[in-house]
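Below is one structure, written out as structure tokens, with a few remarks after it.
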Amino acid sequence: MDRYLVFGHPVRHSKSPFIHTLFARQTQQELEYGLAEPAVDEFAQALRTFFDQGGKGCNVTVPFKEQAFTLVDRLSPRAKRAGAVNTIKLTDDGVLLGDNTDGAGLVADLKSHGVTLADSRILLLGAGGAARGALAPLLAELPSELVIANRTHAKAQQLAAEFCDLGHVTAQTHEQLAGSFDLAINSTSASLQGELPPLAPTLIHTDIAIYDMMYGASDTAFISWAKQHGARQTMDGLGMLVEQAAEAFTVWRGIRPGTKQVLRELKRNLGVI
């Protein structure tokens with residue numbers, strides 16, 4: 001039976017085995033999917049061992065995505081742009097192909113919620129790996145402007161300069177943010193600590209769509225704050241998790257699984273519904 005893993009540290013909380021088991025059942029694919037939690041300095045060896053022993057593919061999560069980028073034989077265009085790899089496939093000719101499905105998963109989830117990206121003004125909070133992975137897929141949807149805001153302004157400026165060939169990307173400090181945004185995306189991990197980006201409440205209005213890449217059994221701090229200030233449409237990252245997994249499954253198996261029922265089952269598993 002074909003074997004797949006998710007590498008992370010920690011990774012025991014991962015819902016990837018649950019999601020991919022449902023995908024396999026749905027598409028009648030014979031595979032098994034497990035967890036691997038090597039020490040941070042043992043990831044490279046663990047990855048080689050997995051493929052040497054017949055592994056077909058893997059997902060890679062924190063803190064190994066940037067390291068995986070350097071360990072594969074070939075990179076997809078979106079992985080090159082992201083500077084990180086979250087999906088690896090052993091090709092038929094024995095090449096380890098590194099891909100990044102995070103941004104595609106984000107865009108797919110936004111569209112599933114009816115969010116219009118074309119000609120929209122988007123605020124992207126954060127300038128780390130999650131933001132980097134999201135930028136090219138978001139810009140491919142042709143927003144009118146994408147503004148990156150980050151606590152370290154120089155990092156936001158560097159990221160904007162790197163992606164400016166794909167569209168209208170600017171970097172602003174949190175204090176500089178002004179005007180009306182159609183969509184605000186929190187790519188930072190602040191919500192995991194119950195913290196908020198330093199945003200003015202005046203940025204929130206009834207027609208803005210709010211997206212937090214983090215998720216939990218209840219609203220994240222960012223979503224709770226946005227609701228308190230009048231945002232009517234709020235979304236967490238659970239749908240992105242399922243959509244990026246579906247994209248990875250497609251890379252591995254050549255068949256696209258449906259995501260709606262799997263997302264419902266995942267919410268039930270987490271106690272969200």
Side-chain angles (χ1 to χ4, degrees), residues 82 102-103 105-164 166-216 218-241 243 272:
D102 285 331
L106 170 64
V107 168
D109 192 37
L110 286 166
K111 289 182 175 180
S112 76
H113 283 94
V115 176
T116 299
L117 298 173
D119 296 320
S120 64
R121 188 164 185 250
I122 300 174
L123 172 60
L124 180 60
L125 300 167
R132 176 180 290 275
L135 273 167
L138 284 171
L139 291 168
E141 298 297 319
L142 304 179
S144 62
E145 182 183 15
L146 193 153
V147 178
I148 305 170
N150 189 57
R151 290 181 188 272
T152 306
H153 184 51
K155 197 171 180 182
Q157 289 177 306
Q158 180 182 344
L159 204 55
E162 193 173 328
F163 284 83
C164 66
L166 298 183
H168 185 195
V169 192
T170 60
Q172 296 181 15
T173 65
H174 292 98
E175 294 74 25
Q176 289 172 331
L177 294 173
S180 181
F181 289 96
D182 301 295
L183 169 65
I185 301 170
N186 182 24
S187 77
T188 75
S189 59
S191 288
L192 294 179
Q193 288 81 45
E195 299 172 357
L196 292 169
L199 294 179
T202 51
L203 290 173
I204 305 301
H205 54 86
T206 55
D207 293 326
I208 193 172
I210 296 294
Y211 196 99
D212 196 334
M213 289 189 189
M214 302 299 109
Y215 62 87
S218 58
D219 285 345
T220 67
F222 182 59
I223 287 176
S224 293
W225 174 82
K227 283 182 175 179
Q228 288 168 11
H229 293 287
R232 288 190 301 209
Q233 185 176 19
T234 59
M235 301 150 280
D236 68 15
L238 200 58
M240 177 182 171
L241 175 68
E243 293 290 350
V272 178

Closest approach of Thr220 to Met214 (non-hydrogen atoms, all atoms of both residues): CG2-O, 3.8 Å

Under 3.5 Å donor-acceptor, Thr206 side chain and Ala231 backbone: no

Shortest non-hydrogen contact from Ser144 toward His168: O-ND1, 3.2 Å

Gln172 versus Ala178, closest heavy-atom pair with distance: OE1-N, 4.3 Å

Spatial distance of atom CD1 (Ile122) from atom CD (Glu145) [nearest 0.5 Å]: 10.0 Å

OH on Tyr211 to OG1 on Thr234, rounded to 0.5 Å: 11.5 Å

Worked verdict on Asp236 versus Ile223 for side chain to side chain contact (heavy atoms under 4.5 Å, CB included): CA-CA 8 Å; Asp236 68 15; Ile223 287 176; 3.8 Å; yes

Any side-chain heavy-atom pair of Leu159 and Leu124 under 4.5 Å: no

Which donor-acceptor pairs under 3.5 Å do side chains of residues 126-138 form with protein atoms, sequence neighbours excluded?
| residue | atom | partner | partner atom | Å |
| --- | --- | --- | --- | --- |
| Arg132 | NH1 | Glu162 | OE1 | 3.3 |
| Arg132 | NH1 | Glu162 | OE2 | 2.5 |
| Arg132 | NH2 | Glu162 | OE1 | 3.2 |

Ile204 and Leu199, any side-chain heavy atoms less than 4.5 Å apart: no

Close side-chain approach of Arg151 and Pro198, heavy atoms under 4.5 Å: yes

His153 side chain near His174 side chain, heavy-atom distance below 4.5 Å: no

Which atom of Ala108 lies closest to which atom of Glu243, heavy atoms considered: CB-OE1, 3.7 Å

Pairwise distance OG1(Thr173) to CD(Gln157) - rounded to 0.5 angstrom: 9.5 Å

From Leu238 atom CG to Tyr215 atom OH, the distance as rounded to the nearest 0.5 Å: 6.5 Å

pair Ile148-Val169: side-chain heavy atoms closer than 4.5 Å: yes

Leu123 CG to Phe181 CZ distance, which is reported to the nearest 0.5 Å: 4.5 Å

CA sep, side-chain torsions, deciding dist, call: Phe222, Leu125, side chain to side chain contact (heavy atoms under 4.5 Å, CB included): CA-CA 11 Å; Phe222 182 59; Leu125 300 167; 3.8 Å; yes

Reported CE-to-CG distance for the pair Met240 and Asp109, which is rounded to 0.5 angstrom: 8.5 Å

Heavy-atom closest pair, residues Leu183 and Ile208: N-CG1, 4.1 Å

Shortest non-hydrogen contact from Asp219 toward Ser224: CB-OG, 3.4 Å

Backbone N/O of Val115 and side chain of His113: donor-acceptor pair under 3.5 Å: no

